[in-house]
Amino acid sequence: MTDLTRLASDKVVARFCPSPTGNPHVGMARTALFSWAFARHHGGDFVFRIEDTDASRDSEESYELLVDVMRWLGLDWDQGVEVGGPDGPYRQSERMDIYVEVTERLLDAGLAYKAYDTAEELEERRELARAEGRPSGYDGLHRDLTPEQQAAFEAEGRKPVIRFKMPVRDYAFNDLVRGEVKIPASDVQDFVIMRANGQPLYTLTNPTDDALMGITHVLRGEDLLSSTPRQIALYEAFAQVGIGSGRTPEFAHLPYVTGSGNKKLSKRDPESNLLGYRDQGFLPEGLLNYLALLGWSISADRDVFTLDEMVQAFDISDVQPNPARFDIKKCEAINSDHVRMLSADDFLARIIPFFEFAGLVSTPIADSERKVLAAASGLVQERIGLLAEAVPMLRFLFARDDFAIDEKDAAKNLTEDGLGVVRAAREALAGLTEWTTSSIEAALRTALIEGLELKPRLAFGPVRVAVTGSRISPPLFESLELLGPDLTLARLDAVLA
RNA sequence: GGCCCCGUAGUGUAGCGGCCUAGCACGCUGCCCUCUCAAGGCGGUAACGCGGGUUCGAAUCCCGUCGGGGCUACCA
């Protein structure tokens, strides 16, 4: 018999154990973040396990996305998929023999039993129970079948599921975010731990692995709150049959993250797709900061902080029990603050992939292109909320034959008057012997503000549109300096032609 | 139907019996600054779901009610 016991330890071990179905979503990331922060705060281990016991729904692609997203977010794990560890493997699909053994032990100890009810029979009894106002879970009909009765069912060709025999009593536990939670004995039912085809269910595999991996704190979604008595009962059974350390972990049920309705954000909601956030140019630290705010706060009057600061301050008992709605506007605002907090070099490194992807620079970026971007990045760092926004703002520096002016902006600014301004600007700039921000500014102010007696707004607008292609751009004089005299004059000429 | 969880402005939160004529942030909005857009500065808007208790005193404690959500699978 395999030794499935382990020593109890005081070290905190938390975990994140998603099922690889669909796209990783923000609710998941929030759960992972809190669990991770909890482990880090207590100097414990963080385990990343994959619960792929439902072959019909799980996919390899989804698994890869999950790993990808965790790495992007920077939520590192001490044990788990891809990195290994003492209690592996960390994909449940590779641990089937363990679950079979655990089930056998429970069966042998009389803590679980075979149930032969058909789906139709169960359905019928469920409906009846409901109609009579009774709880509609399993009624325990096959709990104490004699060997003869079992044999009779077998002879009919029925294949049994394995149900865990829930000790009938009240269950209570202290939820770390909700306090005391009680479930009356009348509402506990025997649940299936193994399908008729021999495949174990989440109800078994999750607590089994938590026990075997020495998980001390289970932080998970609120949807699992009502299944906690089952897990507690299973842990107690494990203790009897020598599985795990004999200790039941602490539980903390995190509230939902909802979308614009009140429904929990699902994997199908586009706004919940994590990789979409990455592609839009959210910073992992910005997204994480925002997610942390959903149910937790670092202090009464501050909401921008680093991951390190969060780890330092994170206390699970400060987490709010009520659900939070995901607000993309605030998420962007928090992200903007983090964009601004980046060092110049870091910011540059982060926007480069967006320019490569847009095809504005070569991939990988050439040194000459990098130089231009480095000089320009400071101009956009405080103007954007998402990294991807840097691309349209600096497109004019890289565009050549494909340079185009926004039609609406042209119609508004390059009117007859506007072209007059452009003409004057062209003349003033053509005569410059020195091409710097200050000389450009001086020349344009002299020619347009003083010469044409224009308000700055009217003076620089047409020039901006002609040269950058848009009414919205980085500061004009700096932009012209970066573009250089040749391209600047050529663009002014182009609109005058 | 049964059971469980939740309930402070539009949104996220602070609040743990007196410091609350309820703070902060996002949003929206007015003004200032300004070459556009941002950023920044100064204002404004708006909340304790409701009803009963307990108490000298309640957003904070208790009960009820209403509302929202979850579970009630051979999903997780």
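Letters A, B, ... mirror the listed sequences (proteins, then strands); counts begin at 1. Excluded from the calculations below are hydrogen atoms, water molecules and symmetry mates; all remaining heavy atoms, backbone and side chain alike, are included.
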In chain order, what residues pass the side chain to side chain contact (heavy atoms under 4.5 Å, CB included) check against [X], with sequence neighbours excluded?
X	answer
Ala424(A)	Leu448(A), Leu452(A)
Arg491(A)	Phe396(A), Ala399(A), Arg400(A), Phe403(A), Leu483(A)
Gln149(A)	Leu145(A), Thr146(A)
Ile449(A)	Arg445(A), Pro456(A), Ala459(A), Phe460(A)

Are [X] and [Y] within salt-bridge range, i.e. N to O under 4.0 Å?
X	Y	value
Asp210(A)	Arg15(A)	yes
Glu285(A)	Arg350(A)	yes
Glu101(A)	Arg95(A)	no
Asp117(A)	Arg125(A)	yes

Item to complete: Check whether the side chain of Arg464(A) and the base of C35(B) form a donor-acceptor pair under 3.5 Å.
Response: yes
Practice prompt. Output the distance between atom OG (Ser35(A)) and atom CG (Leu254(A)), rounded to the nearest 0.5 Å.
Written response: 8.0 Å
Look at all strands and tell whether [X] reaches a base, only sugar-phosphate, or nothing, counting heavy atoms closer than 4.0 Å.
X	value
Arg471(A)	base
Arg163(A)	sugar-phosphate
Leu224(A)	base
Val161(A)	base
Tyr290(A)	nothing
Ala196(A)	base
Glu127(A)	nothing
Pro18(A)	nothing

Take the protein atom [atom1] of [X] and the nucleotide atom [atom2] of [N], then report the distance between them rounded to whole Å.
X	N	atom1	atom2	value
Tyr256(A)	G68(B)	OH	C1'	12 Å
Arg325(A)	G68(B)	CZ	P	13 Å
His253(A)	A76(B)	NE2	C1'	13 Å
Asp406(A)	C37(B)	CG	C1'	14 Å
Asp223(A)	U72(B)	CG	C1'	14 Å
Gln189(A)	C74(B)	CD	P	11 Å
Asp318(A)	G12(B)	CG	C1'	16 Å
Leu204(A)	C74(B)	CG	P	15 Å

Protein and nucleotides 26-29 of chain B: nitrogen or oxygen contacts under 3.5 angstrom:
| unit_1 | atom_1 | unit_2 | atom_2 | d |
| --- | --- | --- | --- | --- |
| C26(B) | O2' | Lys330(A) | N | 3.3 |

For [N], which nucleotide in any strand shown is its Watson-Crick or wobble partner with both distances under 3.5 Å?
N	value
C37(B)	none
C75(B)	none
G43(B)	U29(B)
C48(B)	none
C3(B)	G70(B)

Item to complete: Output yes when a side-chain donor or acceptor of Asn23(A) lies under 3.5 Å from a complementary backbone atom of Asn273(A), and no otherwise.
Response: no
Could you tell me whether the phosphate oxygens of [N], OP1 or OP2, come under 4.0 Å of any side-chain nitrogen or oxygen in [X]?
X	N	result
Ser226(A)	G70(B)	no
Arg126(A)	U72(B)	no
Arg195(A)	C75(B)	yes
Thr53(A)	A76(B)	yes

Item to complete: Quick one: which residue pairs count as a side chain to side chain donor-acceptor pair (under 3.5 Å) with a foot in residues 161-170 of chain A, not counting sequence neighbours?
Response: Arg169(A)-Glu236(A)
Discussion item. Taking side chain to side chain donor-acceptor pair (under 3.5 Å) as the cut-off, I'd like each qualifying pair that reaches into residues 171-186 of chain A, sequence neighbours left out, listed once.
Written reply: Asp175(A)-His253(A)
Practice prompt. Scan side-chain atoms only and decide if Asp315(A) and Ser317(A) contain a donor-acceptor pair under the 3.5 Å cut-off.
Written response: yes
Fill in: Short side-chain donor-acceptor distance under 3.5 Å, Asp54(A) and Tyr202(A)
no
Item to complete: Please figure out whether Ile183(A) or Glu51(A) has its closest RNA chain B nucleotide nearer the 5' end.
Response: Ile183(A)
Can you check nucleotides 5-8 of chain B for protein contacts, nitrogen or oxygen pairs under 3.5 Å, and list what you find?
| unit_1 | atom_1 | unit_2 | atom_2 | d |
| --- | --- | --- | --- | --- |
| C5(B) | O2' | Arg178(A) | NH1 | 2.3 |

Item to complete: Strictly below 4.0 Å, heavy-atom distances to any atom of RNA chain B: list the hits from residues 129-139 of chain A, or just say none.
Response: Arg130(A), Gly133(A), Arg134(A), Pro135(A), Ser136(A), Gly137(A)
Discussion item. If you take any heavy atom closer than 4.0 Å to RNA chain B, which residues from residues 377-395 of chain A end up in contact?
Written reply: Glu382(A), Arg383(A)
Worksheet item: Side chain of Ala324(A): nearest nucleotide among U13(B), C74(B), A76(B)?
Response: U13(B)
Worksheet item: Got a sec, which residues hit salt bridge (Lys or Arg N to Asp or Glu O under 4.0 Å) with Glu120(A), two or more places apart in sequence or on another chain?
Response: none
Worksheet item: Pick one: which of Val257(A), Leu66(A), Val69(A) meets side chain to side chain contact (heavy atoms under 4.5 Å, CB included) with Met28(A)?
Response: Leu66(A)
Distances under 3.5 Å between nitrogen or oxygen atoms of protein and nucleotides 21-23 of chain B:
| unit_1 | atom_1 | unit_2 | atom_2 | d |
| --- | --- | --- | --- | --- |
| G23(B) | N2 | Ala300(A) | O | 2.8 |

